[in-house]
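Some notes on the structure that comes next.
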Amino acid sequence: QVQLVESGGGLVQAGGSLRLSCAASERTFSSRAMGWFRQAPRKEREFVAAISRTGDSTYNADGVKGRWTISRDNAKNTAYLQMNSLKPEDTAVYYCAVRSTLYPSSSLNNYNDWGKGTQVTVSS
């Protein structure tokens with residue numbers, strides 16, 4: 001089981017930026033696709049972005065396309081989510097997750113290991 005720790009959340013004004021990090025506990029992280037998800041109060045957890053093992057394939061949810069970028073540094077066992085042009089509706093707890101294959105997925109059911117999340121709050 002891979003241990004994942006998210007960081008970088010916080011309070012930011014609308015239009016601002018944050019960079020989330022997801023640090024993995026072991027080098028098998030580099031052999032796994034990973035994804036970012038979020039859960040707002042009273043809503044279901046939803047897909048945000050995903051990236052392949054090598055980082056050459058990325059996928060973003062429609063609501064964040066053009067604003068956010070997912071990336072990874074396998075040498076550091078870390079993935080990132082650069083969030084620009086933040087909106088109040090982006091307020092949520094953000095989770096990173098890994099799955100046991102090379103290929104990313106937008107379905108949370110396809111991910112095996114999850115972090116505990118980091119809170120992002122965007123004020124208007």
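Since the structure is predicted, the reported quantities are computational estimates derived from the model, not experimental observations. All heavy atoms count here, side chains included; hydrogens, waters and symmetry mates do not.
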For the pair Lys87 and Asp90, find out whether any cationic side-chain nitrogen is under 4.0 Å from an anionic carboxylate oxygen. no

Looking at Trp68 and Asn84, would you say the former's side chain and the latter's main chain have a donor-acceptor pair under 3.5 Å? yes

If Ile, Leu, Val, Met, Phe, Trp and Tyr residues are connected whenever their side-chain heavy atoms lie under 4.5 Å apart, and connections chain through other members, are Val122 and Leu81 in the same group? yes

Please test Leu108 against Trp114 for side-chain contact (heavy atoms from CB on, under 4.5 Å), starting from the C-alpha separation and ending with a verdict. CA-CA 10 Å; Leu108 60 86; Trp114 292 80; 3.7 Å; yes

Could you tell me whether the side chain of Glu6 and the main chain of Lys116 form a donor-acceptor pair under 3.5 Å? yes

Any side-chain heavy-atom pair of Thr78 and Phe29 under 4.5 Å: no

Show the nearest heavy-atom pair for residues Ala14 and Ser124, with the distance to one decimal. CB-CA, 4.4 Å

Quick one: closest heavy-atom pair of Cys22 and Leu4, and the distance? SG-CD2, 4.0 Å

Heavy-atom nearest pair, Phe37 first then Phe47, reads CD2-CA, 3.4 Å

Just by distance, do the side chain of Tyr111 and the backbone of Ser105 share a donor-acceptor pair under 3.5 Å? yes

Pair Arg38, Tyr94: side-chain N/O donor-acceptor within cut-off below 3.5 Å: yes

Closest approach of Gly117 and Val93, non-hydrogen atoms and distance? CA-CG1, 3.8 Å

Kindly say whether Val2 contributes a backbone atom to a donor-acceptor pair with the side chain of Arg32 at under 3.5 angstrom? no

So Met83 and Val64, do their side chains get closer than 4.5 Å, heavy atoms only? no

Closer than 3.5 angstrom, by distance alone: can the side chain of Asn74 be matched with the main-chain N or O of Arg53 as a donor-acceptor pair? yes

Quick one: are Tyr103 and Ser57 in side-chain contact, heavy atoms under 4.5 Å? no

Start with the C-alpha distance between Met34 and Cys96, add both sets of side-chain angles, then the distance that settles side-chain contact (heavy atoms from CB on, under 4.5 Å), and finish with yes or no. CA-CA 7 Å; Met34 68 86 56; Cys96 64; 3.7 Å; yes

Could you check whether any side-chain N or O of Arg72 sits under 3.5 Å from a backbone N or O of Gly55, counting only pairs where one atom can act as donor and the other as acceptor? no

